[in-house]
Structure formats: C-alpha cells, structure tokens
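The structure appears below as structure tokens.
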Amino acid sequence: MDSSQPFASSPVSPTTRLPRRSKYTYKHLSTLAQGAPACPLRVIAHIDLDAFYAQCETVRLGLDPTKPLAVQQWQGLIAINYPARAFGLNRHVTVAEAKEKCPELICQHVATWKEGDVKWSYSDGDEAFREIASRKVSLDPYRLQSRKILATIKEFLPADVQKVEKASIDEVFLDLSAQVHGIMLERYPDLKGPPPYDDPSEPLPRPPTTALDWAADALVDLDKEQSEEDDPDWDDVAILIASEIVRDVRREIFEKLHFTCSAGISKNKMLAKLGSAHKKPNSQTVIRNRAVQHFLSNFKFTKIRNLGGKLGDEIVAAFNTDTVAELLPIPIEQFKKTLSDDTGSWLYNIIRGEDNSEVNPRTQIKSMLSAKSFRPSINTLDVACKWLRIFVADIYSRLVEEGVLENKRRPKTMNLHHRQGAQTRSKSVPIPMGRAITEEGMFELAKSLLAQVVVDGRAWPCANLSLSVGGFEEGVQGNKGIGSFLVRGDDAKALQNAQPKAEATPPPAKRRRVDDSGIAKFFGTTREDSRESSGGDFGVSDYEKTQESPQQADLRDESWIDEEADGQDVNHPSSDADPLLPPPSAQFASDSPEEAALQLALQDAREPLDVYTCPRCSAQLPLVDQAEHEDFHFAQDLQNEQTTPPRAPPQTVPPSTKPSAAGSARGGGSVRGRGRGRGRPSAMSSGPERGQKRLHF
Ligand code: TTP
Ligand code: CA
Ligand code: CA
C-alpha cells in the first residue's frame, strides 16, 4: 500500500539525458497545500455509504450482513441491501412483491412517532401501515449513525488540514489536497526545496517512478492517447496518496462502526461523486486526470450533477442526445447560443470533467423540518394540533441534540406549511429571543401559525402539514443558567466576548453557490431544484425525478425531506401567493377514490341549507359552515392568547360570513359534514370525522 519512494535527484530521461520535468510547477505544488480550487493537482474524494438505511438496521439489530434485508416505509421499500439486490429487488417493488422474489427477505419498518408517544419507536410493518394515519416516520436512528460516521471521519483525518463536507445523510466530500501535499513532501523531501532560481513557475522534477502501486478496486482506464507505460506525473502521485487515505478512512469506519461504503477519488467533486457510484458496494474508484475523458464519455450526461433535472431535459431536447460522447464535438458557441452564455460554457466544461466547486466544510444544520402527508386529508383543527404536537416533539428532540438546552445554537424562526390540493400556504413567526426554547413554547407558536391559516379560511381539507425551524444562530454560551438566556443587547455581547477564544465557534462558512450563477434560472423554484443546485445529495434529485404515483410520493416524502441531510434552507413557496383554489374536481382527483366518493356524497348532503346563528358574533351562515366558523373563533382566541402576536393580524371578518356561494365553490367547503368534531373544547366535539376513520388518537 505504501508507495513511498526514496527521492533521488531528478531522474534523467533515457533519450535526452536531460533531467525530466513535470507538467507541474512549484507554484502548483504550493497551491495544493492551500487546497486552491484551480490547482491542477487538487484531490477530492466522495464517500457514500452502501444501502445506508439497510446497513443501519443490520448494524442496530446485530444481523448477519450477508442476509438480504430491506427497509420498509409503510408498504414500500426505501433501502435494499446488496444481498437483497441480488434477487432483483429495488426501490420500486412493494413489500409483497419483494417477499415473493426473495422469501427470506428481512423487512424492517422505519421507526415512527405515534401520537401520545414521547419518543419514536420501531414496530412491525403491518402494524405501522395499519396505523399510517396516526404515525409518522422518524429518521432519528439514521441521523444518529450519520453523525457517528461523520465524527469518525473527522477524528481520523488530521485536524489541521481536514476539509470535510457532509453532502447528505449518507455521503461526504473530502478535499484531501492539503493532507496529500504534506505526505508528498514527507515521501519526496526534495520537493521541499526552493524552486530553481527561486522561480515558482519552474517545473517540478518528475516523480522517481514509472509504476505506481494502485490498490484501487476500480482504476478507470486511461484515455485513448495515454498508456500505462507513460511515466506518471505528480497528479497521479497525488491521487494515489489520496486513494490510500480514503482506503484507511473506509477501514476505520468499518472497524469502528461496521459500515461499508464506496468512494470515488478524482480531481473534483463532480468526478469523485460519479466515481463513488461506479463500483458498489464496498469499493473505491480512482479516476486519474489522464482517465477523465475515457470515464466520462461512457456516461449519460443526465447523471452529472445539476444535469439531472430540467436543464438536462432541455439539453437532451436541444441536441437530441443524452450522452456525453455525442455532446463533446459540439462547439462552445453552439452551447452558448442554445443555452445562454453562462450555461453554455458551464456545460462545455462540465462534460470535459472541469468543475472548480469547493468542498465546503459547513456541517451545521440550517433548518429542521417535520412533515406529514395525510391520506385521507384531515379536516379538523384538533387533529391538526395533534400532528403539530408530534412535529414539535420531533424537532425539539433534534434541537436538544443540537445543543439548544445549553443555548449553543438556536433557531430564529418557525414556519408552517399547509397544503390543500395544489395550493401550499406558509406562515412564519419569529421565535422569541431572550428566553429558553421549550417544547411547550414551540407548540404554542406552532398553533399560532396554524391559527393564522385557519383564520384565512380554506384550511380544510388539509393534505399535508409541515413544520420547520430555521435561521440557526450561535447562542450565548458559557453561562448555562437560565439567567444567560435573559441577557440581551450589550450585556449579551460583553458576555460573548468574555468567552475564552478557544471555545468560540468559528462563524459558519458562507455558503457558496456552486458554479450555478449562469444556470440559476433552472434552479430557482422548487425544493428539489434548490437541493440540486447546491450540490446536495444527487440521490435526491434522481429519486424525485422517478415517476411514481402522487400517493407513493406522498408516502415517501416525510422520510425523505430531510433538511438536515444537506443543510439547506427550506425553499418556501411564496406565502399565500395565489388565493385561487383548483376546482373541486381537481381536488377530488388528487385524493383516493373512496375519499372522492365521500366528498361527493357530503356535497350532495348539503341541501337544503340550514342556517346557523353564531352565539358569539351573531353572524348567520349556512349550517354546513358552522364548523369552519367555530374554528375561526377558536383560532382567533388562540391568537389572542399568544404573548408574541403572529405577524399577520387576524382578519376581522370571519370567512364564513362571506356569501355562501363562495363556500360551496371551494373544495374545502364541500367536504363539511354536519356537527363534526373540530378544534374547540371537546364538549363541542361530536365524535370522529367520517373521513378520518383510521385515526386512533
Ligand atoms: P442512497 O445513497 O441514494 O442509496 P443507498 O445508500 O440506499 O444505496 P447505495 O448503496 O446505492 O448508495 O440513499 C441513502 C438513503 O436515503 C437510503 O438508504 C434510503 C434513503 N432514500 C430514501 O428514503 N428514498 C429514496 O428514494 C432514496 C434515493 C434514498
Ligand atoms: Ca448510499
Ligand atoms: Ca447517497
């Protein structure tokens, strides 16, 4: 494994008898030490865990890793280990199909939160599915392993030169340039010497060897015009050393935590990422500079980072091909003309394997999100509040791990997203500063946000709710007592300044947008776009592009929307941008057939309209709107109780006092039954909602 070579004086070319020179200069070598993105000797690795959730379960349960195992979420499979893949299983088969193909398959359901429980727990898959309406997925066990793996990598690499970027829940990028530079100088001490004539643009001597011992599991073949007999240069040596480091990191992860992973090692993030997926499981792939063209030309460019989405589709349509090889002969001008100057030159370079994006060592969480899609949709405030309880418990436990109790880091804002049919609405509220964040306090805030949605009207039926906190910032540290939370302004600053320097956390590195300035227009609007543009988990975009029914997508999304995974901010849809709802028929179409039939039946049951007189405000409205109107009062009361008023003042006109025609034109109005239990004191409830039979709160 150790390829160290005694470094004699510069070897001499057999033909010319002159000392042979490297393509690289002393300047290049010194930029390697700094990990400069433009350094031609730069070395980047990407490590991706094999069948990650499946391995988490195998390790947790102490099972034999050669036995086929899949991780189940409701009735689908979200992770399949390699022994199970040998039976032809993939993410698109159902549990029933999988068991048919592989009868000995172990199916472990993901952990779930259940209403009333204080912590997530594991349960049998059938039980979880039966209770899908009252459970939500928890990714905590996988986050925990992810953190341990990251910590192991960081402990293993030398602290002073490491640059580690967590790219998703199961992958990291490593910029190994500085560490490799150090090892090169140790192995080849003459490289330490000053350049001839003190001129850094002088070429380096050639490395003193013609054959490097590549222990890589997959060494990508060289480009056509290159041969293995050609002498290696320092870029080959640098990548070889990086490959040794990565092998050691992988061994450490395996020995300490029993996880296998695969890795790609190359000159940039894009190639390293493609490399880690090249040979799985438990392998590493080295793509030398001299092999890049050969490696890439076999690829569909839609597999390349940032080309998996709309931009990729546009390019396929414009140039009538999806292969890198067929794009290569196209001149840059043609790309620019078709795609804009910036995107055109970006594409021209990327298909040639050029990518200067940096490994960004930010590992701090930027936001946390807890979400649930409802099938059937939910129709009452009290049910929604129960879900808010779970979301808050979920987020709060993550906040505790993030050090919120010690006030190390705390979020500044809370957001609630509400989806009804195709319309998503968002509300946000600042989290009051100067006092400790408690679970109860968070719940109150969450309710105030929901109240705002209800006050606006059209809250029900609700197909998806999600709660997130964001805008994390460093808290006042050192004084752990509650008093420190109350310190504000100059006092707080003084306290912060008084902390010993060594304890001070460096400010998180500014997020750099990754080479996407010119292509930003393709990545501006949706969650998946925002992830893709920032070089997060490319698995995310691959998955999100997969065709599947809305129901499948909904069932998956709660475990797969993982803000922590890529440290992204939630890309909020514009708040209340479009007050128009899709026609009721469109809403029915998106629900299950049973739900649609139920809704239609309820709509029919609305005639004749009885009148309801509100005892609180004397408003007269159709009886079917009574429940929504009561919600309005409930929500208003709730708002009035809040110590920190939500941003938007409550509407003064209850929504249901609007002409009733508006109510009946809304999908939300059409599902209302009579006298249903709603978000108000339980004495007023009248049993479970018809559409909510599966809820067992
Ligand atoms: P991946 O790294 O894409 O896949 P994997 O680790 O299961 O398998 P591989 O060996 O091919 O890398 O995703 C990491 C985890 O994220 C995966 O174990 C489960 C979860 N995930 C989902 O829940 N849904 C999805 O659609 C995808 C792609 C991943
Ligand atoms: Ca993986
Ligand atoms: Ca991955």
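Just so you know, ligand 1 is whichever comes first in the structure, and atom 1 is the first atom listed for that ligand.
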Handout entry: Partner of Leu465 under side-chain contact (heavy atoms from CB on, under 4.5 Å), chosen from His418, Arg419, His417, Lys372
Key = His418

Exercise for the section: Please work out the angle at the Ca ion (ligand 2) defined by atom OD2 of Asp170 on one side and atom O of Leu49 on the other, rounded to 10°. Expected result: 90°

Handout entry: Any Ile265 side-chain heavy atom under 4.5 Å of Thr285 side chain
Key = no

Exercise for the section: Verify ring-ring contact (aromatic ring centres under 6.0 Å, His included) between His278 and Phe295, making sure each step is shown before the conclusion. Expected result: CA-CA 10 Å; His278 182 68; Phe295 180 65; 5.3 Å; yes

Handout entry: Atoms of ligand 1 close to Phe52 [distance to a heavy atom under 4.0 angstrom, numbered from 1]
Key = 5 (P), 6 (O), 7 (O), 18 (O)

Exercise for the section: Applying side-chain contact (heavy atoms from CB on, under 4.5 Å) between Asp217 and each of Ser262, Ser243, Ser283, report the one that passes. Expected result: Ser283

Exercise for the section: Answer yes or no: does an N/O atom from Tyr53 fall short of 3.5 Å to an N/O atom of ligand 1? Expected result: yes

Fill in the blank from the handout: Heavy-atom closest pair (Glu57 atom, Tyr142 atom, distance to 0.1 Å) is OE2-OH, 2.5 Å

Exercise for the section: Say whether, by atom type as modelled, one donor and one acceptor occur between the side chain of Asp50 and the main chain of Asn282 under 3.5 angstrom. Expected result: yes

Problem - Side chain, backbone, both or neither: Asp170 near ligand 1, heavy atoms under 4.0 Å - result: side chain

Practice task
Report yes if Arg85 has an N/O atom closer than 3.5 Å to an N/O atom of ligand 1; otherwise report no.
Solution key: yes

Exercise for the section: Identify, by atom number and element, the atoms of ligand 1 in contact range of Leu49, meaning under 4.0 Å from any of its heavy atoms. Expected result: 6 (O), 10 (O), 12 (O)

Practice task
Could you tell me which non-hydrogen atom of Ala54 sits nearest to which non-hydrogen atom of Leu69, and how far apart they are?
Solution key: O-CD2, 3.6 Å

Exercise for the section: Looking only at distances, please establish whether an N/O atom of ligand 1 is found under 3.5 Å from an N/O atom of Ala51. Expected result: yes

Exercise for the section: Under 4.0 Å, heavy atoms only, figure out whether ligand 1 is touched by the backbone of Asp48, its side chain, both or neither. Expected result: side chain

Problem - Gln73 contact mode with ligand 1 (heavy-atom cut-off under 4.0 Å) - result: neither

Handout entry: Atom name of the N, O or S atom in Glu171 that lies nearest to the Ca ion (ligand 3)
Key = OE1

Exercise for the section: Would you verify whether the NZ or CZ of Arg85 falls within 45 degrees of the ring axis of Tyr82 while also being under 6.0 Å from that six-membered ring's centre? Expected result: yes

Handout entry: Nitrogen or oxygen atoms of Ala79 and ligand 1 under 3.5 Å apart
Key = no

Exercise for the section: For residues Cys107 and Leu77, determine if any side-chain heavy atom of one lies less than 4.5 Å from a side-chain heavy atom of the other. Expected result: yes

Fill in the blank from the handout: At under 4.0 Å between heavy atoms, what of Tyr142 touches ligand 1? The answer is neither

Handout entry: Minimum-distance N/O/S atom that Asp48 presents toward the Ca ion (ligand 3)
Key = OD2

Fill in the blank from the handout: In ligand 1, the atoms that come under 4.0 Å of a heavy atom of Tyr82 are 9 (P), 10 (O), 11 (O)

